[in-house]
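Written out below as structure tokens is the structure these notes cover.
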Amino acid sequence: MEEALLQIKDLSIVYETPLGTIHATTGVTFDVKRGESVGLVGESGSGKSTVGLAIAMALPPNARILNGRVLYEGTDLLRLKEEERKRYSGREISIVFQDPAATLNPLFTIGEQMTDVLMSNLGLTKEEALNRARDFLKKAGLPDSERILRSFPHELSGGMLQRVNIAIATSTEPKILVADEPTTMLDVMLQAQILELFDKLKRELKLTLIFITHNLGVASEICDRIIVMYAGTVVEDGPADEVISRPMHPYTASLLDCVPRTHIKAKRLRSIPGSLPDLSKPLVGCPFADRCGEAKDVCRQTKPDLVEIAPGHRVSCFKYKR
Ligand SMILES: Nc1ncnc2c1ncn2[C@@H]1O[C@H](COP(=O)(O)OP(=O)(O)OP(=O)(O)O)[C@@H](O)[C@H]1O
Ligand code: NI
């Protein structure tokens with residue numbers, strides 16, 4: 001059997017804040033195979049970005065790893081020395097964020113920023129870096145690469161900036177690309193175009209894609225597999241088409257009811273009644289129990305294990321306890 005490229009094992013991360021500790025992820029466990037596209041899906045605050053940042057080695061300073069490992073080809077990325085980290089961060093694993101302007105420096109041209117990344121990460125000469133920058137801008141759907149290279153970030157539209165970010169992130173030819181809600185800040189037309197771009201690049205560059213979104217519909221369009229998170233835990237993990245057509249966890253089912261159907265003029269978007277559990281305390285029981293129509297006593301007392309109940313399809317719910 002093929003070994004996983006990435007293994008997230010029992011990952012629990014908290015944030016320390018002046019108001020106390022926030023349990024952002026609790027015991028998150030999943031594997032990602034080489035070349036696979038995995039969607040991390042869940043409502044705001046479910047811990048998706050925290051998992052993405054841990055994989056990309058980009059957690060903020062107030063994050064503390066309580067437990068767990070992120071194994072990339074067997075190497076624990078969470079316990080690398082600074083020097084070793086440089087071999088992986090931005091080279092083996094890159095990340096694209098939601099806000100296209102946030103990661104670009106307003107004071108430098110796109111060309112300066114792209115060549116900087118390539119010269120420091122890959123040790124290219126200026127000339128080589130420029131050639132590669134042009135090449136990857138074109139791959140990212142920006143054929144007028146000369147003009148883009150000369151531009152400052154404020155001279156480009158949001159959609160173009162996100163293409164620039166995607167060009168930068170892919171220009172080092174990483175094996176893994178983490179995309180954290182990369183279309184959320186764009187208008188609907190652009191969203192579709194950027195999704196298509198990810199779809200194209202993942203095939204062209206043989207990327208392993210970790211795509212973070214709160215929209216199950218979006219995830220099902222470009223992902224092979226969907227991992228549904230709730231309150232910092234994985235509640236379901238399975239093939240995208242199965243998760244969409246036959247959701248097993250009650251949370252996934254209610255999340256599906258909230259996906260706007262483009263062909264039906266949805267008058268109102270349903271939302272799930274109730275709210276996320278208090279993340280300032282460690283979780284007890286199933287985190288979804290309070291909002292779940294099928295919850296029993298056991299659900300409030302014991303956290304259900306994530307159990308494989310169909311090939312490659314795992315769910316954390318006592319309904320399926322064998
Ligand atoms: N730097 C931080 N400091 C303190 N708390 C944080 C920090 N980043 C995230 N959190 C908190 O950790 C929890 C998980 O956040 P995370 O950003 O991982 O969720 P998410 O699923 O990506 O949500 P969203 O869809 O809103 O981006 C939330 O309660 C959030 O408020
Ligand atoms: Ni997020």
Side-chain angles (χ1 to χ4, degrees), residues 8 10-30 38-68 70 77-78 93-103 162 165 169 176-186 191 194-195 198 209-220 222-223 226-237 243 249 251-252 254-256 258-260 269 271-272 274-284 287-288 290-291 316:
I8 317 293
D10 207 14
L11 187 61
S12 297
I13 296 175
V14 297
Y15 292 106
E16 302 294 359
T17 80
L19 296 173
T21 302
I22 295 168
H23 293 261
T25 74
T26 304
V28 168
T29 299
F30 62 88
V38 172
L40 280 186
V41 182
E43 283 169 291
S44 183
S46 56
K48 308 179 296 292
S49 294
T50 303
V51 172
L53 291 169
I55 294 169
M57 293 156 280
L59 284 167
N62 67 329
R64 193 155 58 84
I65 294 145
L66 286 190
N67 187 48
V70 174
L77 298 179
L78 298 177
I93 302 168
S94 288
I95 183 164
V96 174
F97 293 99
Q98 178 173 343
D99 181 356
T103 39
Q162 199 57 308
N165 279 306
I176 297 179
L177 182 64
V178 179
D180 189 353
E181 308 245 14
T183 67
T184 306
M185 288 180 73
L186 307 174
Q191 289 194 10
I194 298 291
L195 281 182
F198 275 104
L209 184 63
I210 297 175
F211 196 93
I212 297 174
T213 172
H214 54 265
N215 189 324
L216 263 172
V218 166
S220 71
I222 68 160
C223 297
I226 291 179
I227 293 172
V228 182
M229 290 190 65
Y230 185 77
T233 68
V234 173
V235 295
E236 182 160 359
D237 170 359
V243 172
H249 198 282
Y251 174 65
T252 314
S254 35
L255 203 58
L256 265 171
C258 302
V259 174
L269 209 58
S271 62
I272 309 168
S275 51
L276 280 175
D278 181 2
L279 295 176
S280 68
K281 300 184 191 80
L283 291 172
V284 178
F288 191 58
D290 279 349
R291 296 166 86 180
S316 162

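Both ligands and their constituent atoms are indexed starting at 1 by order of listing.
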For [atom], the protein heavy atom that lies nearest, with its residue and separation:
atom                    : value
atom 25 (O) of ligand 1 : Lys48 NZ, 3.0 Å
atom 2 (C) of ligand 1  : Tyr15 CD2, 3.6 Å
atom 23 (O) of ligand 1 : Gly45 N, 2.8 Å
atom 26 (O) of ligand 1 : Ser44 OG, 2.5 Å
atom 17 (O) of ligand 1 : Ser49 CB, 3.6 Å

Next item on the list: Would you indicate which of Thr184, Leu53, Thr213, Thr50 comes nearest to atom 18 (O) of ligand 1 when only heavy atoms are counted?
Entry: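 Considering heavy atoms of Thr184, Leu53, Thr213, Thr50, the nearest to atom 18 (O) of ligand 1 sits in Thr50.
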
List ligand 1 atoms under 4.0 Å from [X], heavy atoms only on the residue side.
X      : value
Pro60  : 1 (N)
Asn62  : 1 (N), 2 (C), 3 (N), 4 (C)
Thr17  : 4 (C)
Ile22  : 5 (N), 12 (O), 29 (O)
Glu43  : 21 (O)
Leu279 : 29 (O)
Glu181 : 25 (O)

Next item on the list: Please work out whether the ring planes of Tyr230 and Phe288 are parallel, tilted or perpendicular, with thresholds of 30° and 60°.
Entry: perpendicular

Note to self: Distance alone, cut at 3.5 Å: any donor-acceptor contact between the side chains of Asp278 and Ser280?
What the structure shows: yes

Next item on the list: Please check if any side-chain donor atom of Thr21 sits under 3.5 Å from a side-chain acceptor atom of Glu16, or the reverse.
Entry: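 Per modelled atom types, Thr21 and Glu16 side chains form a pair under 3.5 Å.
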
Next item on the list: Report the C-alpha separation of Phe97 and Leu53 in whole Å, then their side-chain angles, then the decisive distance to 0.1 Å, and conclude whether the side-chain contact (heavy atoms from CB on, under 4.5 Å) test is met.
Entry: CA-CA 10 Å; Phe97 293 99; Leu53 291 169; 3.7 Å; yes

Notebook entry, point to check: Is there side-chain contact between Thr184 and His214, with at least one heavy-atom pair below 4.5 Å?
Noted result: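 They are in side-chain contact.
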
Notebook entry, point to check: Below 4.5 Å, heavy atoms only, C-beta onward: do Met185 and Gln162 meet side chain to side chain?
Noted result: no

Checklist line | From CG (Asp10) to OG1 (Thr25), nearest 0.5 Å | finding: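 Rounded to the nearest 0.5 Å, the CG-OG1 separation comes to 9.5 Å.
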
Next item on the list: Find the distance between CG (Leu40) and CG (Asp237) and round it off to the nearest 0.5 Å.
Entry: 9.5 Å

Item checked: Presence of N, O or S from Ser44 under 2.8 Å of the Ni ion (ligand 2) ->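 Given the 2.8 Å cut-off, Ser44 does not count as a ligand of the Ni ion (ligand 2).
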
Check: Given Ser49, which of Asp180, Leu59, Ile95 fulfils the side-chain contact (heavy atoms from CB on, under 4.5 Å) condition?
Finding: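 With Ser49 as partner, Asp180, Leu59, Ile95 yield a single side-chain contact (heavy atoms from CB on, under 4.5 Å), made by Asp180.
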
Next item on the list: Classify the contact between Thr25 and ligand 1 as side chain, backbone, both or neither, using a heavy-atom distance cut-off of under 4.0 Å.
Entry: neither

Next item on the list: I would like to know whether Ser316 and Val234 meet side-chain contact (heavy atoms from CB on, under 4.5 Å); could you show each step before the answer?
Entry: CA-CA 8 Å; Ser316 162; Val234 173; over 6 Å; no

Check: Does atom 30 (C) of ligand 1 have a protein heavy-atom neighbour under 4.0 Å away?
Finding: no

Notebook entry, point to check: If we only count N/O pairs under 3.5 Å, is Gly47 in contact with ligand 1?
Noted result: yes

Notebook entry, point to check: Given the rule in the side-chain contact (heavy atoms from CB on, under 4.5 Å) test, do Ile93 and Leu77 qualify, once you have shown the distances and angles that lead to the verdict?
Noted result: CA-CA 10 Å; Ile93 302 168; Leu77 298 179; 3.4 Å; yes

